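First the structure, in the form of C-alpha coordinates, and then the observations on it.
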Amino acid sequence: AQKVTQAQTEISVVEKEDVTLDCVYETRDTTYYLFWYKQPPSGELVFLIRRNSFDEQNEISGRYSWNFQKSTSSFNFTITASQVVDSAVYFCALSDRGSTLGRLYFGRGTQLTVWP
Amino acid sequence: GAGVSQTPSNKVTEKGKYVELRCDPISGHTALYWYRQSLGQGPEFLIYFQGTGAADDSGLPNDRFFAVRPEGSVSTLKIQRTERGDSAVYLCASSLMPSGRAATQYFGPGTRLTVL
(Lines give C-alpha, C1' and ligand atoms only; values in the text may rest on other atoms or scores of the structure.)
Protein backbone atom coordinates (compact mmCIF):
# COMPACT_ATOMS: atom_id res chain seq x y z
CA ALA A 1 0.00 0.00 0.00
CA GLN A 2 1.11 3.53 -0.66
CA LYS A 3 1.12 6.13 2.05
CA VAL A 4 2.62 9.56 2.68
CA THR A 5 2.89 10.93 6.20
CA GLN A 6 3.51 14.54 7.05
CA ALA A 7 3.53 14.48 10.81
CA GLN A 8 3.83 18.25 11.24
CA THR A 9 0.37 19.77 10.89
CA GLU A 10 1.43 23.36 11.52
CA ILE A 11 4.76 25.14 11.85
CA SER A 12 5.31 28.78 12.75
CA VAL A 13 8.64 30.55 12.36
CA VAL A 14 9.90 34.09 12.30
CA GLU A 15 11.30 35.49 9.09
CA LYS A 16 14.91 34.50 8.32
CA GLU A 17 14.70 31.31 10.34
CA ASP A 18 15.42 28.00 8.62
CA VAL A 19 12.61 25.45 8.64
CA THR A 20 12.42 21.77 7.68
CA LEU A 21 9.23 20.04 6.60
CA ASP A 22 9.20 16.30 7.11
CA CYS A 23 7.83 13.67 4.73
CA VAL A 24 7.86 9.92 5.25
CA TYR A 25 6.53 7.58 2.60
CA GLU A 26 5.57 3.93 2.24
CA THR A 27 5.63 1.88 -0.93
CA ARG A 28 6.44 -1.70 -1.92
CA ASP A 29 7.75 -0.62 -5.29
CA THR A 30 11.42 -0.16 -6.07
CA THR A 31 10.55 2.42 -8.73
CA TYR A 32 8.69 5.43 -7.46
CA TYR A 33 8.62 9.20 -7.64
CA LEU A 34 8.34 11.82 -4.94
CA PHE A 35 7.02 15.35 -5.26
CA TRP A 36 6.60 18.50 -3.25
CA TYR A 37 3.86 21.02 -3.98
CA LYS A 38 3.11 24.40 -2.43
CA GLN A 39 -0.47 25.61 -1.91
CA PRO A 40 -0.56 29.34 -1.09
CA PRO A 41 -3.71 30.99 0.25
CA SER A 42 -4.94 31.46 -3.31
CA GLY A 43 -5.44 27.69 -3.40
CA GLU A 44 -3.59 26.64 -6.53
CA LEU A 45 -1.05 23.83 -6.11
CA VAL A 46 2.37 24.86 -7.34
CA PHE A 47 4.91 22.21 -8.32
CA LEU A 48 8.28 22.50 -6.56
CA ILE A 49 10.28 19.32 -7.23
CA ARG A 50 10.16 15.74 -8.51
CA ARG A 51 12.67 13.02 -7.61
CA ASN A 52 12.86 9.39 -8.68
CA SER A 53 13.81 6.51 -6.44
CA PHE A 54 17.13 5.91 -8.21
CA ASP A 55 18.48 9.36 -7.58
CA GLU A 56 19.35 9.98 -3.94
CA GLN A 57 21.38 13.06 -4.63
CA ASN A 58 20.21 15.99 -2.55
CA GLU A 59 19.04 19.02 -4.45
CA ILE A 60 19.29 22.73 -3.79
CA SER A 61 17.34 25.43 -5.59
CA GLY A 62 17.91 28.89 -4.20
CA ARG A 63 16.63 28.91 -0.62
CA TYR A 64 15.03 25.48 -1.06
CA SER A 65 16.76 22.16 -0.51
CA TRP A 66 15.59 18.57 -0.41
CA ASN A 67 17.09 15.62 1.47
CA PHE A 68 16.08 12.22 0.06
CA GLN A 69 17.03 9.21 2.20
CA LYS A 70 15.82 5.78 1.05
CA SER A 71 17.14 4.15 4.22
CA THR A 72 14.57 6.03 6.28
CA SER A 73 11.96 6.46 3.51
CA SER A 74 12.08 10.20 3.94
CA PHE A 75 12.08 13.15 1.58
CA ASN A 76 12.44 16.27 3.71
CA PHE A 77 12.22 19.85 2.51
CA THR A 78 14.20 22.73 4.01
CA ILE A 79 13.63 26.42 3.46
CA THR A 80 16.63 28.55 4.38
CA ALA A 81 16.14 32.13 5.57
CA SER A 82 12.36 31.88 5.38
CA GLN A 83 10.29 34.78 4.10
CA VAL A 84 6.68 35.81 4.67
CA VAL A 85 5.89 34.78 1.08
CA ASP A 86 6.80 31.21 1.99
CA SER A 87 3.64 31.00 4.11
CA ALA A 88 1.53 28.25 2.56
CA VAL A 89 0.50 24.64 2.91
CA TYR A 90 3.16 22.27 1.61
CA PHE A 91 2.30 18.81 0.34
CA CYS A 92 4.51 15.82 -0.22
CA ALA A 93 3.26 13.25 -2.76
CA LEU A 94 4.19 9.79 -4.07
CA SER A 95 3.62 7.98 -7.34
CA ASP A 96 4.65 4.37 -7.98
CA ARG A 97 4.24 1.61 -10.53
CA GLY A 98 1.76 -0.31 -8.40
CA SER A 99 -0.88 2.33 -8.91
CA THR A 100 -0.32 3.34 -12.53
CA LEU A 101 2.11 6.17 -12.72
CA GLY A 102 -0.65 8.69 -13.17
CA ARG A 103 -1.87 8.64 -9.60
CA LEU A 104 -0.40 10.81 -6.85
CA TYR A 105 -0.79 9.95 -3.19
CA PHE A 106 -0.63 13.11 -1.09
CA GLY A 107 0.14 13.64 2.55
CA ARG A 108 -2.16 15.79 4.67
CA GLY A 109 0.09 18.78 4.27
CA THR A 110 2.02 21.07 6.61
CA GLN A 111 0.76 24.61 7.16
CA LEU A 112 3.80 26.89 7.34
CA THR A 113 3.35 30.40 8.71
CA VAL A 114 6.27 32.80 8.53
CA TRP A 115 5.89 35.89 10.73
CA PRO A 116 7.61 39.17 9.91
CA GLY B 1 1.49 29.81 -22.03
CA ALA B 2 -1.85 29.37 -20.30
CA GLY B 3 -2.10 27.02 -17.37
CA VAL B 4 -4.87 24.61 -16.46
CA SER B 5 -8.20 26.38 -16.22
CA GLN B 6 -11.29 25.24 -14.37
CA THR B 7 -14.85 26.51 -14.48
CA PRO B 8 -16.76 27.51 -12.53
CA SER B 9 -14.50 28.68 -9.73
CA ASN B 10 -17.37 28.30 -7.29
CA LYS B 11 -20.53 26.25 -7.48
CA VAL B 12 -23.32 26.21 -4.94
CA THR B 13 -26.06 23.65 -5.42
CA GLU B 14 -28.79 21.94 -3.49
CA LYS B 15 -28.75 18.37 -2.32
CA GLY B 16 -29.98 16.04 -5.01
CA LYS B 17 -29.06 18.26 -7.95
CA TYR B 18 -26.74 17.43 -10.86
CA VAL B 19 -23.51 19.38 -11.43
CA GLU B 20 -20.83 19.53 -14.09
CA LEU B 21 -17.31 20.79 -13.50
CA ARG B 22 -15.08 21.63 -16.43
CA CYS B 23 -11.32 21.40 -16.87
CA ASP B 24 -9.26 22.79 -19.73
CA PRO B 25 -5.71 21.35 -19.63
CA ILE B 26 -2.44 22.91 -20.72
CA SER B 27 -2.17 22.83 -24.49
CA GLY B 28 -0.30 19.73 -25.63
CA HIS B 29 -0.79 17.80 -22.39
CA THR B 30 -2.28 14.41 -23.16
CA ALA B 31 -2.82 13.22 -19.59
CA LEU B 32 -5.50 14.73 -17.35
CA TYR B 33 -6.29 14.05 -13.70
CA TRP B 34 -9.08 14.89 -11.26
CA TYR B 35 -8.59 15.12 -7.52
CA ARG B 36 -10.85 16.14 -4.63
CA GLN B 37 -9.59 18.12 -1.65
CA SER B 38 -11.58 18.38 1.55
CA LEU B 39 -10.81 21.04 4.13
CA GLY B 40 -7.56 20.35 5.96
CA GLN B 41 -6.71 17.35 3.81
CA GLY B 42 -4.43 16.58 0.92
CA PRO B 43 -5.88 16.06 -2.55
CA GLU B 44 -7.40 12.62 -3.14
CA PHE B 45 -7.20 11.01 -6.56
CA LEU B 46 -10.42 10.47 -8.49
CA ILE B 47 -9.61 9.59 -12.11
CA TYR B 48 -6.84 9.78 -14.69
CA PHE B 49 -7.20 10.06 -18.47
CA GLN B 50 -4.66 9.20 -21.13
CA GLY B 51 -6.07 10.83 -24.24
CA THR B 52 -9.80 10.13 -24.41
CA GLY B 53 -9.89 7.02 -22.25
CA ALA B 54 -9.93 6.68 -18.48
CA ALA B 55 -6.70 4.83 -17.60
CA ASP B 56 -7.56 4.65 -13.91
CA ASP B 57 -10.94 5.51 -12.39
CA SER B 58 -10.44 3.62 -9.15
CA GLY B 59 -10.67 6.80 -7.09
CA LEU B 60 -14.25 7.65 -8.03
CA PRO B 61 -16.18 7.20 -4.76
CA ASN B 62 -19.36 5.74 -6.24
CA ASP B 63 -21.46 5.59 -9.40
CA ARG B 64 -22.80 9.10 -8.89
CA PHE B 65 -19.46 10.37 -10.14
CA PHE B 66 -18.52 10.20 -13.79
CA ALA B 67 -15.97 11.96 -15.98
CA VAL B 68 -15.50 12.27 -19.72
CA ARG B 69 -12.89 13.60 -22.09
CA PRO B 70 -14.43 13.02 -25.51
CA GLU B 71 -11.83 14.74 -27.68
CA GLY B 72 -8.77 14.20 -25.54
CA SER B 73 -8.60 17.79 -24.35
CA VAL B 74 -11.33 19.36 -22.18
CA SER B 75 -12.75 17.13 -19.46
CA THR B 76 -16.01 17.31 -17.54
CA LEU B 77 -16.56 15.81 -14.11
CA LYS B 78 -20.23 15.02 -13.56
CA ILE B 79 -21.86 14.44 -10.20
CA GLN B 80 -25.43 13.16 -9.99
CA ARG B 81 -27.76 13.44 -7.01
CA THR B 82 -25.29 15.54 -5.07
CA GLU B 83 -24.92 15.03 -1.34
CA ARG B 84 -23.62 17.37 1.34
CA GLY B 85 -20.56 15.14 1.69
CA ASP B 86 -19.60 15.98 -1.89
CA SER B 87 -18.71 19.51 -0.80
CA ALA B 88 -15.01 20.01 -1.48
CA VAL B 89 -12.58 21.65 -3.86
CA TYR B 90 -12.27 19.68 -7.09
CA LEU B 91 -8.84 19.99 -8.63
CA CYS B 92 -7.82 19.21 -12.17
CA ALA B 93 -4.24 18.63 -13.32
CA SER B 94 -2.58 17.86 -16.62
CA SER B 95 0.75 16.51 -17.75
CA LEU B 96 2.63 15.22 -20.72
CA MET B 97 2.06 11.50 -21.25
CA PRO B 98 3.87 9.63 -18.46
CA SER B 99 5.09 6.83 -20.81
CA GLY B 100 6.81 4.79 -18.16
CA ARG B 101 7.78 7.61 -15.81
CA ALA B 102 5.62 9.73 -13.58
CA ALA B 103 5.19 13.03 -15.38
CA THR B 104 4.90 16.22 -13.39
CA GLN B 105 1.28 17.23 -12.89
CA TYR B 106 0.34 20.89 -13.14
CA PHE B 107 -2.78 21.90 -11.27
CA GLY B 108 -5.60 24.32 -11.97
CA PRO B 109 -7.13 26.69 -9.41
CA GLY B 110 -9.93 24.28 -8.56
CA THR B 111 -13.71 24.45 -8.35
CA ARG B 112 -15.16 24.90 -4.89
CA LEU B 113 -18.36 22.89 -4.72
CA THR B 114 -20.83 23.53 -1.92
CA VAL B 115 -23.86 21.31 -1.55
CA LEU B 116 -26.54 22.82 0.68
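All values derive from a computational prediction rather than experimental measurement. Chain naming here is simple, since letters A, B, ... match the order of the sequence lines and numbering starts at 1 in each. Side chains included, hydrogens not; waters and symmetry mates left out as well; all remaining heavy atoms used.
In terms of the salt bridge (Lys or Arg N to Asp or Glu O under 4.0 Å) criterion, A:Glu17 has no residue partners (sequence neighbours excluded).
Taking all atoms of both residues into account, the shortest heavy-atom contact from A:Glu44 to B:Gly108 is CG-O, 3.7 Å. Closest non-hydrogen pair, A:Arg103 versus B:Asp56, comes out as CD-OD2, 4.1 Å.
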Give the C-alpha distance, both sets of side-chain angles, the deciding distance and a yes or no for side chain to side chain contact (heavy atoms under 4.5 Å, CB included) between A:Phe35 and B:Gln105.
CA-CA 10 Å; A:Phe35 301 79; B:Gln105 298 180 26; over 6 Å; no
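Counted within 6.0 Å of CZ on A:Arg51, heavy atoms from surrounding residues, nucleotides or ligands total more than 12; the atom is thus considered enclosed. Within a 6.0 Å sphere centred on NZ of B:Lys15, other residues, nucleotides and ligands contribute 12 heavy atoms or fewer. No more than 12 heavy atoms of other residues, nucleotides or ligands sit less than 6.0 Å from atom CG of B:Leu39.
A:Leu104 has its side chain within reach of B:Tyr35: a pair of non-hydrogen atoms, C-beta onward, lies under 4.5 Å apart.
Remark: aromatic rings of B:Phe107 and A:Phe47 are distant, center separation not under 6.0 Å.
In the hydrophobic cluster analysis, where Ile, Leu, Val, Met, Phe, Trp and Tyr join through side-chain heavy atoms closer than 4.5 angstrom, A:Tyr90 is grouped together with A:Ile49. Linking ILVMFWY residues whenever their side-chain heavy atoms come closer than 4.5 Å, directly or via other members, places A:Trp66 and A:Tyr32 in the same cluster. In the hydrophobic clustering of ILVMFWY residues, with side-chain heavy atoms under 4.5 Å counting as a link, A:Leu45 and B:Leu46 come out apart. Grouping the Ile, Leu, Val, Met, Phe, Trp and Tyr side chains by contacts below 4.5 angstrom, directly or via other members, places A:Val89 apart from A:Val24. Follow the hydrophobic side-chain contacts under 4.5 Å out from B:Phe66 and you never reach B:Leu60; the two are in separate clusters.
Looking at B:Phe49, neither its backbone nor its side chain comes within 4.5 Å of chain A, counting heavy atoms on both sides. With a 4.5 Å cut-off on non-hydrogen atoms, B:Ile47 does not touch chain A at all. Only the side chain of B:Gln37 comes within less than 4.5 Å of a heavy atom in chain A; its backbone stays farther off.
Taking non-hydrogen atoms and a 4.5 Å limit, the residue list of residues 70-80 of chain B in contact with chain A is empty. Within residues 106-116 of chain A, the residues having any heavy atom less than 4.5 Å from a heavy atom of chain B are, in residue-number order, A:Phe106, A:Gly107, A:Arg108.
With rounding to the nearest 0.5 angstrom, the OG1 atom of B:Thr104 is 10.5 Å from the OH atom of A:Tyr33.
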Throw together a table of side-chain donor-acceptor distances under 3.5 angstrom for residues 16-24 of chain B, partners on residues two or more places apart or in other chains.
from: B:Tyr18; atom 1: OH; to: B:Glu20; atom 2: OE2; distance (Å): 2.6

